[in-house]
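Since the structure comes first, as structure tokens, the remarks are kept for the end.
Since the model is a prediction, treat every value here as computed from it, not as a measurement. Chain A is the first sequence line, chain B the second, and so forth, proteins listed ahead of strands; every chain is numbered from 1.
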Amino acid sequence: MNILYHCGKYFIFLTKVFGKPERGRVYLRQTIIEIEKIGLGSMPIVAIMSVFMGAVITIQTASSLSGGWIPMSTVGYATRESILLEFSPTIIALILAGKVGSNIASEIGTMRVTEQIDALDIMGINSAGYLVFPKIIAAVLINPFVIVVSMFLGVFGGWLAAYASGILIPSVYVEGIQQQFIPFHVTYSLIKTLFFAFAITSVSAYHGYYVNGGALEVGAGSTKAVVYSSIVILLLNYVLTQLLLI
Amino acid sequence: MIEVIGLHKEFEGRTVLNDINFTFETGKCNLVIGQSGSGKTVLLKCMVGLFQPDQGQVLYHGRDYHAMPEKDRKEVRKEIGMVFQGGALFDSQTVEENVMFPLTMFSKMSMEEKIERVNFCLKRVNLTNVNKLYPAEISGGMKKRVAIARAIALNPKYIFFDEPNSGLDPQTSIVIDDLIAEITHEYGITTVINTHDMNSVMQMGENIIFIYKGQQEWTGNSQSIVESENENLNNFVFASDLFKKMRQSLREKK
């Protein structure tokens, strides 16, 4: 019952978020600010994660295949597919749920407990729309670019590992990443990214917006935001994969 | 003028406000007084629409606020300014941006006009050279004044103050009280002040409602409060020896 209650409340919250904006230009300016915060602000962690994960996947795959009958170029293929299909869209989304999600929930939650949201409501402003709509739009617009950069850096990380460790000849790795490339896999990843971006921002904002109490509840709301957006990401990942790949 | 008629509010079966009837008059400092937990803030939040009352009406110059469609309610909200206990300034915006915010959202002023209006409002609350500072960089008293400047930016008809003196020293409290009274009389605003500061009651109480355990216990002004024989009111207002002596001396003079 509790889940149903929160699902219903979440969808009512979304109708408020997508209500008519008071001043479109202000929302546009907020969206640009959020693009910088959500997208560009996440780039360093995404870059580091992507390079190292690509490198680790390459070393693990190469060490498993060495000495066998499978050609070593498969390492490049496996790295590319792992990064394109799962690592970049899903694992990075989970990391962003932690970084961006907790930030959104604590920011909006603090505004709630310090009566800043009440101040917006009394002014006649749709507080949910003003605070959350630009964040959702910004994430949906910028996250696909972040994920494309992550894909590139992940594959590059694999090449770097091959070059640095000597476990694999870099040219063989490059040969592998060009094998049996299916462009739809990139489209599939980007479709997933759009859904994940929406889930991270809206679920986290929901948990921040309905915080009731003080600093302790803001912290609890922030934790819930990360937990529930991660669960929603995993559920969406399964559903979208079944819908798009089978 | 704001009329509250038969207002009743419950939370999870517990009555917080019961049958409140009061008229908040235009151009006057209307005070809502009572102990902590008596229902003052709930009354204020019912009046501004943050809470929906279970029964009763709130009429803004005859317009039933809770019965009107959301579109009309938004129009009334543009006529309302509110100063919260902690100021409720937007942390991510400078003082100038905070005061400019309602102008940006609801006026068609050019940037030059908006800056001129912001400077006027800040000057009106005796603040200068703070435009580019963030709320975290100014004192509690200054935050209250910035919140007042933001509340008057759109020339509101009604201003609500939720405990404007909480957390301020007595001297700064007097400055804030004087400022509220000046603005109220200067612009003919219906001002509603929620307070339990006795200095404010005696200094600004032109029209007072005393709420005791969610009930409307007494109404009057700062003169009649001295003469009142209401036990609950006397226990609340004249709780300290200083105020007891002050009442005694005022009664002796009469």
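- When the candidates A:Thr114, A:Ile122, A:Val26 are compared by the number of heavy-atom contacts under 4.5 Å with chain B, A:Ile122 comes out ahead.
- Neither the backbone nor the side chain of B:Leu154 comes within contact range of chain A; no heavy atom of the residue lies under 4.5 Å from a heavy atom of that chain.
- Under 3.5 Å, the side chains of B:Tyr65 and B:Arg77 contain a donor-acceptor pair of N or O atoms.
- The closest side-chain heavy-atom distance from A:Met111 to B:Phe90 is below 4.5 Å.
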What pairs of donor and acceptor atoms, side-chain ones from residues 138-153 of chain A against any protein atom, are under 3.5 angstrom apart with sequence neighbours left out?
unit_1, atom_1, unit_2, atom_2, d
A:Ser150, OG, A:Ser50, OG, 2.9
A:Ser150, OG, A:Ser88, OG, 2.8

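- Contact count versus chain A (heavy atoms, under 4.5 Å) is highest, among B:Glu70, B:Arg150, B:Met105, for B:Met105.
- The residue among A:Ile117, A:Leu120, A:Thr110 with the most heavy atom pairs within less than 4.5 Å of chain B is A:Leu120.
- Contact of the B:Asn131 side chain with the B:Thr94 side chain is not registered, since no non-hydrogen atoms from C-beta on lie closer than 4.5 Å.
- Side-chain polar atoms of A:Ser202 and A:Tyr10 form a donor-acceptor pair below 3.5 angstrom.
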Would you please test B:His61 and B:Tyr158 for side-chain hydrogen bond (donor to acceptor under 3.5 Å, both in side chains) and show each step?
CA-CA 10 Å; B:His61 279 95; B:Tyr158 319 96; 2.7 Å; yes

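- Within residues 41-53 of chain B, the residues having any heavy atom less than 4.5 Å from a heavy atom of chain A are, in residue-number order, B:Lys45, B:Val48, B:Leu50.
- For the pair A:Asp118 and A:Arg112, the minimum side-chain heavy-atom distance is below 4.5 Å.
- Residue contact with chain A, scored on non-hydrogen atoms closer than 4.5 Å, is absent for B:Phe160.
- Of the possible polar contacts, none joining the B:Asn194 side chain to the B:Glu163 backbone as a donor-acceptor pair under 3.5 Å is found.
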